[in-house]
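Notes follow once the structure below has been shown.
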Amino acid sequence: MVIEKHLRVIPLKKIIGTVDKCGELDTKFRYIKRRDRKERFRRAEIHRKTRESAFFPPISVNLYQGDFYVIDGHRRVSAAIENRLEFIDAYVYEYIPESDQAALDGTLAQKRFEVESRVTTIQLSDSRGFTSLLRDLEQFCGDTITREKALKWKSERFLPACRSISNSSLAKHYNSLLPGDIYALIFRFYDEYMNGFPHYNDFDSIISGYLFARGFGRRRIYRRFPFRCIFSLITRKTG
Amino acid sequence: MAKIIKQLVLKIILEQAIIAEEKAFSFYDIARQTVSDPEVRDLLKHLAGEELQHRTHLEELQNSGTLDDMMIPDHNDLSDFEDTPQTWPVITGESTISDILSAALQKEYRSYTAYKRLSSSVKNKTAEAVFRNLKEQEKSHIRKIRKLSAGRQK
């Protein structure tokens, strides 16, 4: 099944192949056999335009198992590589085998999130997490989701929380996941118990609660030896 | 120096309250996994969630840096946070729903009493508001547990 993911910015290093020009291109996406004047001219024009403005029409790519394969725009990719660009605009079509239900669920969840929020810049290693993000976004926005509210959610809630997650011990426990994935995990946990995040002032306390509930918490400082004794002394004090 | 020591004592006291909430969460979480009645399970899950929320609020208060003018509670006001063997029964496969609800009710009464005392003794606006809110939530827990227990007895 092929799912259209619309226009997005993709990392150039993830473009690893071509859909229909196998054997015709070298590793820098230049035609091996077509070195005639017409080809040289076309390539030179694209390279010149890239150097001048770094802007050209988006390419079209297939996304399969996390890597991109070029459908249309090989010369543009070649020009981008030569000019050492890191990212490129692309129309992405994701190919998912019909037997891969998890990938299908994830892609549909991502698409639903992006259509509702019109935010396409969030990356998760497990796209099924987008279901949780969408639910969090719905709770944040209230009645209707607009792009402005979604951007506000992203800047005021999601990104600061991801920074807290990166600085916490959670990143060590879930080292194969991106901070966004861990955020989705935490949200799903709190959603199960209390229909979403409780009101909080500091996301670190949300992380702390999650660490405790999951049994990942380390011994807290005020429970260590000298502090425990102090509490015993306080409660034994006579009037 | 005295101010630092006072801050430290207050944080230690709040830590005891956090421990109490953690134990409550663990009790409710284990209990909800052992009961089959969906209504009871939903209530226990809801109570577990709220205890976790209490923990969050107490931790934020502990880290808030607004404890300067907070009074250290009298040792009598802290007795509800002392851990005793009778505080939490162990949930086994033979624990009945009545046992669980009865233990939950006792726990909620203790918490309600503790936060009621603390809210009147600490003399710090932020802490008072937190303890008052926790007191009201524990009170609502008592109502819900009683209502469920009464409904099951009919």
Side-chain angles (χ1 to χ4, degrees), chain A residues 132 135-136 139 157 160-161 163-165 167-170 183 185-239, chain B residues 5-26 28-30 32 41-66 72-84 114 126 130 133 137:
Chain A
S132 299
R135 189 152 154 74
D136 185 32
Q139 290 175 0
R157 180 124 136 179
R163 276 193 288 275
S164 295
I165 288 167
N167 294 333
S168 74
S169 59
L170 267 179
Y183 180 93
L185 263 180
I186 297 173
F187 177 83
R188 200 155 65 233
F189 168 79
Y190 278 96
D191 196 33
E192 189 197 339
Y193 282 96
M194 51 183 97
N195 297 321
F197 284 129
H199 171 72
Y200 64 88
N201 296 323
D202 181 358
F203 196 77
D204 287 333
S205 59
I206 297 291
I207 292 174
S208 173
Y210 180 81
L211 282 168
F212 151 69
R214 281 283 180 253
F216 292 149
R218 287 177 302 179
R219 195 165 174 78
R220 289 166 59 88
I221 185 167
Y222 295 114
R223 297 183 200 188
R224 295 184 188 173
F225 165 67
F227 304 114
R228 274 198 337 257
C229 295
I230 293 171
F231 182 74
S232 301
L233 283 171
I234 295 167
T235 51
R236 272 160 184 69
K237 190 175 136 187
T238 53
Chain B
I5 292 173
K6 183 182 165 188
Q7 291 263 333
L8 182 62
V9 168
L10 288 168
K11 288 184 188 225
I12 292 170
I13 290 168
L14 285 170
E15 190 66 28
Q16 296 305 311
I18 289 171
I19 291 173
E21 297 297 345
E22 286 181 353
K23 288 188 173 168
F25 170 84
S26 300
Y28 288 133
D29 201 36
I30 293 170
R32 78 173 177 105
R41 204 169 45 225
D42 284 345
L43 175 65
L44 293 172
K45 189 168 79 168
H46 169 75
L47 292 174
E50 296 230 316
E51 302 301 349
L52 200 58
Q53 195 173 351
H54 296 176
R55 183 194 183 279
T56 301
H57 293 158
L58 287 165
E59 192 173 20
E60 285 183 344
L61 180 63
Q62 191 186 50
N63 295 333
S64 68
T66 59
I72 296 179
D74 184 77
H75 70 286
N76 288 320
D77 295 337
L78 301 171
S79 57
D80 296 298
F81 293 128
E82 279 180 83
D83 197 13
T84 62
T126 310
V130 169
N133 181 42
Q137 289 195 10

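Everything numeric here is computed off the predicted structure, so don't read it as measured data. Chain identifiers are assigned alphabetically (A, B, ...) following the order of the sequence lines, protein sequences preceding nucleic acid strands; residue numbering begins at 1 within each chain.
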A/Arg220 and B/Glu15: which non-hydrogen atoms are nearest, and at how many Å?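 The pair with the smallest heavy-atom distance is NE-OE2, 2.5 Å.
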Which heavy atom in A/Ser205 sits nearest to a heavy atom in B/Thr56, and how many Å separate them?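 Shortest heavy-atom contact: OG-CG2, 3.4 Å.
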Distance, nearest 0.5 Å, that separates [atom1] of [X] from [atom2] of [Y]:
| X | Y | atom1 | atom2 | result |
| --- | --- | --- | --- | --- |
| B/Ile18 | A/Ser208 | CD1 | OG | 7.5 Å |
| B/Gln53 | A/His199 | CD | NE2 | 9.5 Å |
| B/His46 | A/Met194 | NE2 | CE | 9.5 Å |

Please answer whether the main-chain N or O of A/Asn201 pairs with a side-chain N or O of B/Glu60 as donor and acceptor at a distance below 3.5 Å.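 The answer is yes, because a donor-acceptor pair under 3.5 Å joins these two groups.
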Between A/Tyr200 and chain B, which part of the residue has a heavy atom less than 4.5 Å away: side chain, backbone, both or neither?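 Its backbone and side chain both get close to chain B.
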Would you mind checking which part of A/Phe197 comes under 4.5 Å of any heavy atom in chain B, side chain (CB onward), backbone (N, CA, C, O), both or neither?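 For A/Phe197, there is no contact with chain B at all, as no heavy atom is under 4.5 Å.
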Pairwise side-chain contact, A/Phe212 with B/Glu21, heavy-atom cut-off 4.5 Å (strictly under):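 A/Phe212 does not reach B/Glu21 side chain to side chain.
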Validation row: B/Phe25, A/Tyr193 side chains within 4.5 angstrom (heavy atoms):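 Of all side-chain heavy-atom pairs linking A/Tyr193 with B/Phe25, at least one is under 4.5 Å.
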With only heavy atoms counted, which part of [X] is less than 4.5 Å from chain A, the side chain, the backbone, both or neither?
| X | answer |
| --- | --- |
| B/Asp29 | side chain |
| B/Ile19 | both |
| B/Glu22 | both |

Output every pair passing salt bridge (Lys or Arg N to Asp or Glu O under 4.0 Å) with a member in residues 203-212 of chain A, not counting sequence neighbours, ordered by first then second residue.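 Pairs touching residues 203-212 of chain A that pass the test: none.
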